[in-house]
Amino acid sequence: MELTINGSNKEYQDKITVQQLLQLSNISPGRVVIELNRNILSPDMHDKTELRHGDTIELIQFVGGG
Amino acid sequence: MELTINGSNKEYQDKITVQQLLQLSNISPGRVVIELNRNILSPDMHDKTELRHGDTIELIQFVGGG
Amino acid sequence: MELTINGSNKEYQDKITVQQLLQLSNISPGRVVIELNRNILSPDMHDKTELRHGDTIELIQFVGGG
Amino acid sequence: MELTINGSNKEYQDKITVQQLLQLSNISPGRVVIELNRNILSPDMHDKTELRHGDTIELIQFVGGG
Amino acid sequence: MDQLIIAGRAFNSRLLVGTGKFASNQDMVDAMEHSGSEIVTVALRRVDIDNPEDSILAHIDTDRYLLLPNTSGARDAEEAVRLARLARAAGCLPWIKLEVTPDPYYLLPDPIETFKAAEILVKEGFVVLPYMPADPVLAKRLEEIGTATVMPLGAPIGTNRGVKTRDHIAIIIEQANIPVIVDAGLGAPSHAAEAMEMGADAVLVNTALADTANSAAMAQAFRKGVEAGREAYLAGLGTKRIKAEASSPLTGFLRNE
Amino acid sequence: MDQLIIAGRAFNSRLLVGTGKFASNQDMVDAMEHSGSEIVTVALRRVDIDNPEDSILAHIDTDRYLLLPNTSGARDAEEAVRLARLARAAGCLPWIKLEVTPDPYYLLPDPIETFKAAEILVKEGFVVLPYMPADPVLAKRLEEIGTATVMPLGAPIGTNRGVKTRDHIAIIIEQANIPVIVDAGLGAPSHAAEAMEMGADAVLVNTALADTANSAAMAQAFRKGVEAGREAYLAGLGTKRIKAEASSPLTGFLRNE
Amino acid sequence: MDQLIIAGRAFNSRLLVGTGKFASNQDMVDAMEHSGSEIVTVALRRVDIDNPEDSILAHIDTDRYLLLPNTSGARDAEEAVRLARLARAAGCLPWIKLEVTPDPYYLLPDPIETFKAAEILVKEGFVVLPYMPADPVLAKRLEEIGTATVMPLGAPIGTNRGVKTRDHIAIIIEQANIPVIVDAGLGAPSHAAEAMEMGADAVLVNTALADTANSAAMAQAFRKGVEAGREAYLAGLGTKRIKAEASSPLTGFLRNE
Amino acid sequence: MDQLIIAGRAFNSRLLVGTGKFASNQDMVDAMEHSGSEIVTVALRRVDIDNPEDSILAHIDTDRYLLLPNTSGARDAEEAVRLARLARAAGCLPWIKLEVTPDPYYLLPDPIETFKAAEILVKEGFVVLPYMPADPVLAKRLEEIGTATVMPLGAPIGTNRGVKTRDHIAIIIEQANIPVIVDAGLGAPSHAAEAMEMGADAVLVNTALADTANSAAMAQAFRKGVEAGREAYLAGLGTKRIKAEASSPLTGFLRNE
């Protein structure tokens, strides 16, 4: 299954949820906001949402800015 | 018949055309542009256009400007 | 005896010392500096110095300034 | 005979006048003004003035300036 | 030869003049004459029916000067478009100096309404010269939708304050592919020269010419100021320095060196 | 006719030019020609005996241009006086541009030594044009001892920064009874025009003309800038405002009024 | 007590700080601390999945500082709206510093897209603080559609040039009924003080604090500069004069008077 | 610790205040108090024998403030020297703020007479702080003859115009080995901060504190302005740029990149 995560393509053998994706990437859910196929995904949906082949995921966080 | 000319109301006994209005007002047609009820009236229509009660006429000319 | 004090002429019947002049004018010695005929007069000379006809005295003090 | 000309020392075997010095240096008298030992030398003195050992000569001209 | 090209039309003068506020029509004509200008702006207003003055057009040789009507008085895009259409109907070329100034106190241009009106007028075939804030991004966007020039302001109309928006005008000039005409606020020939030295393609002046005892002389002074600035820009100006540069050689003979 | 009078001598041009730092003598001659100037400055320096160049005088038509020698390089009054005397001995008129600049980095004039040298030279019958800081009190004092002009600086020599001393120049102009010639730092025609608009009697320019690819064009640009500024000053400039002044009538017909 | 009120919320500090470009998170925290600020801006960016850094939020005490996300990087209204929604989804209050800067070179705000995005975000219930050109008409229009403040620029972001748009900022302040926060280009405490003396309600600073060897000291300096300017504005500044006003009495006794 | 050293004496405050023109002695005392100043200037004047006011000294705690008499009113060196001697005879330390201002209209310092008086007073053992034009060469010469500081003017006394002599002050600071105290014309805390950011060692303010409805608040504002400028100078200010520097990372995810 191929996913586009933050602009780069990634291969995954098995189905995963958004929550699992975060765990695999060592990203604590609390600090990111997620777009799935251009729609914002609320935190309570992370474990309910299974990713599908071709999905586009954006993992966004706060950084320093003026 | 009442007309609104450049914002002020004028009474006229008889029917008149735009051309006649200009003559009465001593305004040479060449130097003005006319709006009749918010529509621009081309010079060749001046004599063909009879004014009706309630018409709104704007007589506009060029003046100094920056 | 005529003295010029701060630019204006004053008449005095009797001889007086600088110290007496200050007393007469209700000026406490501590706050003024005195020029007698363009020479600075030190405080300890106030009582020793008798004024003479024609003397020019300047009584100067500090005021607000930038 | 040693002369200091414009700050540098020059050896001359024979006596020379200022006029001769200019000739030797290919300098037309008209375009320079001359100081001999800090005194300005007027043009009519050029041929009358014999240089002596130790003389200091300045040959000055106009150049571009603001 | 160094010409100003607007919408494919070539001009030898880089000074545009306005015709407002002159003490007399004769002063206006003299100023136009001495300015060397080839483009003059005019405004539209109601005829006073009770005593119609003679038309300003009687005083302007339209073979010699391109008549550039403005939309002064318009407070939004709709009013500006209406004025532009009236000007064209009056027999002018479809050139319009677009002005949208909702605030009567500072008469500053409205970027939103100016942009909106420009889009409409360009579509209707007008050659649009928009008066605008000295806003580099807006200038780019107006260029993209097809305006013939941009006319950023130096300072509010009639203030004579000069190129107070210098930094932004410089960016506009750097980024523009259409003529940049600095308009409004230029009160002295040195202001006009400064704008031209920065690389502006032209300037427009009105108040400074009308607001003086001698309009003809002032117009000639501005003409020279514009030419001076343009010629200096083309010749290439020296760079500003902090340290002094001797203009005379630092002569040695004065010291015992 | 509007003429510049210095020490009783009348000039039609209000632009003085320096002759330093030009790429070639031809560039210098072209610049002088196109500037319209009638006064040109020169400096004094040692002849290089080992290879004497031809004299700059060979290139300057002294019937056309008044030769104004300067004392550049002088670091104190004594050196300046010495240079002035040499210049006169060289057959020039006794006109001298007095410069005393002890600091080689910024080349700023020394008020004390300039004043001292001016006193001596005036006594010796020189027509003294002192280069000076933009110092109104010093200007008054130089006038009192009899200098022919004052030449306050706009900015350090050769910096092209313009009339950075504007406030003080304005006071000098207001108080002077002799010509005020703004010297040094004028890098663009707009700077020259600004000085003239303020009421300066003339300006002197050198670096800006030498420090460009096209000296002749730049000289002409400065000529126009000086004329523009002078003509505007004589015509009477408008006052600067905060509030806008409509240059077009604020037409009523657009609203239902 | 003199407080800054934005959208009904009161702040004791009139200095907003950005969190970008600090040499270290510690420098950033120290700067925030010494600035006395109560509002700090942050940006949004993709996580680097291959090596996720720790979040900036770990370093900002959100009980003490109001987190103000910006839409930096947005080149049009659509992108700005998308960023604003993401920021809100991330759990921030619905406060957004709206930035739309299509030109990566000067990062100047786009008046058209900024206005468009502001309309949408206000409708969606955001408290909108728009970064904008120093354009008085645009400021009025943004106020009319309900933005919480206007944030006109002093100079392009990060240039440290100061309040180069002074004349226009003054008009914006005069006409605004919402807080005016001068943003961008303030490089020194004197710049911040100047803006506050003009009557600005607050200033935002980032580069000047990050771009120094000692961020904490600079932050404290800006804090004092902002307070100095505000206190002087409230006390009432003297008017600028041309003629001198003796601060000492012109004493008579020196002359024989 | 960062201290100001004048003639070997250390001060913690870099703000000197004048005592002239206050609405009341109480206002003056409050201003001195809130300014944090340690040096205050006073003038000399004739006692009015017919109704002697109480002395200003009654209001100044001379244990807390160094009393710095000035020679205001002097029009030449002789008058200035006379005033200095009187001040010393009055029991002050031999510190003198030297002022020689022949022109009552602009009150600008006379460079020649100031220099002459400084030479005499230094020889007589005075600690001389000369008020002077912003003239770098004069500053060097005063330093060479032994003045304790130089006090170049920012603008004419009491004009509130700020550091109008910026370019020259910068050169004076660069070249000086004694404290540079910017005096006169500073009308707002931002002006004081600007002078300190440039590297001035201190500033002197009077009119701006006296010429306001709230002298105490204004004095505190200036205190903060001076501290802000000094701290920023020590921390190291960023350089001014033309191109923008993003303070937020230009985030990529918005485009399909």
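A note on names: the letters A, B, ... follow the listed sequences, proteins ahead of strands, and every chain is numbered from 1. Computation of the quantities below employed the complete heavy-atom set of this structure, encompassing side-chain atoms and omitting hydrogens, waters and symmetry-equivalent molecules. Remember, predicted model here, so these are calculated numbers, not experimental data.
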Original post:
Does any heavy atom of chain E fall under 4.5 Å from the side chain of B:V32, the backbone, both, or neither of them?
Top reply: side chain
Original post:
Who are the side chain to side chain contact (heavy atoms under 4.5 Å, CB included) partners of B:D55, not counting sequence neighbours?
Top reply: B:L3, B:L36, B:N37, B:L51, B:R52, B:I57
Subject >> E:R88: partners by side chain to side chain contact (heavy atoms under 4.5 Å, CB included), with sequence neighbours left out >> reply: E:P94, E:E124, E:F126
Subject >> Per-residue contact mode, E:K97 against chain B (heavy atom under 4.5 angstrom) >> reply: side chain
Original post:
With sequence neighbours left out, what residues match E:Y106 under side chain to side chain donor-acceptor pair (under 3.5 Å)?
Top reply: G:E174
Original post:
Do you know the tightest heavy-atom contact between B:Q61 and E:R46?
Top reply: NE2-O, 4.2 Å
Original post:
Is the number of heavy atoms from other residues, nucleotides or ligands under 6.0 Å of B:Q19 CD greater than 12?
Top reply: yes
**OP:** Tell me, out of E:L16, E:D183, E:N206, E:T41, who's got the most heavy-atom pairs with chain B below 4.5 Å.
**Re:** E:T41
Subject >> Side chain to side chain, E:R82 and B:E58, heavy atoms closer than 4.5 Å >> reply: yes
Subject >> Closest non-hydrogen atom pair between B:R31 and E:S55, with its separation >> reply: NE-CB, 3.5 Å
Original post:
Are any side-chain N or O atoms of B:N6 and backbone N or O atoms of E:V47, one a donor and one an acceptor, separated by less than 3.5 Å?
Top reply: yes
Subject >> Contacting moiety of B:I5, where chain E heavy atoms sit under 4.5 Å >> reply: both
**OP:** Indicate the atoms forming the closest heavy-atom contact of B:F62 with E:I56, along with that distance.
**Re:** O-CG2, 3.5 Å
Original post:
Which atom pair, heavy atoms only, marks the closest approach of B:G64 to E:A43?
Top reply: O-CB, 4.0 Å
Subject >> Over all atoms of both residues, closest heavy-atom pair of B:I60 and E:L86 >> reply: CG1-CD1, 4.4 Å
Subject >> Residues of residues 20-27 of chain B with any heavy atom under 4.5 Å of a heavy atom in chain E >> reply: B:S25, B:N26, B:I27
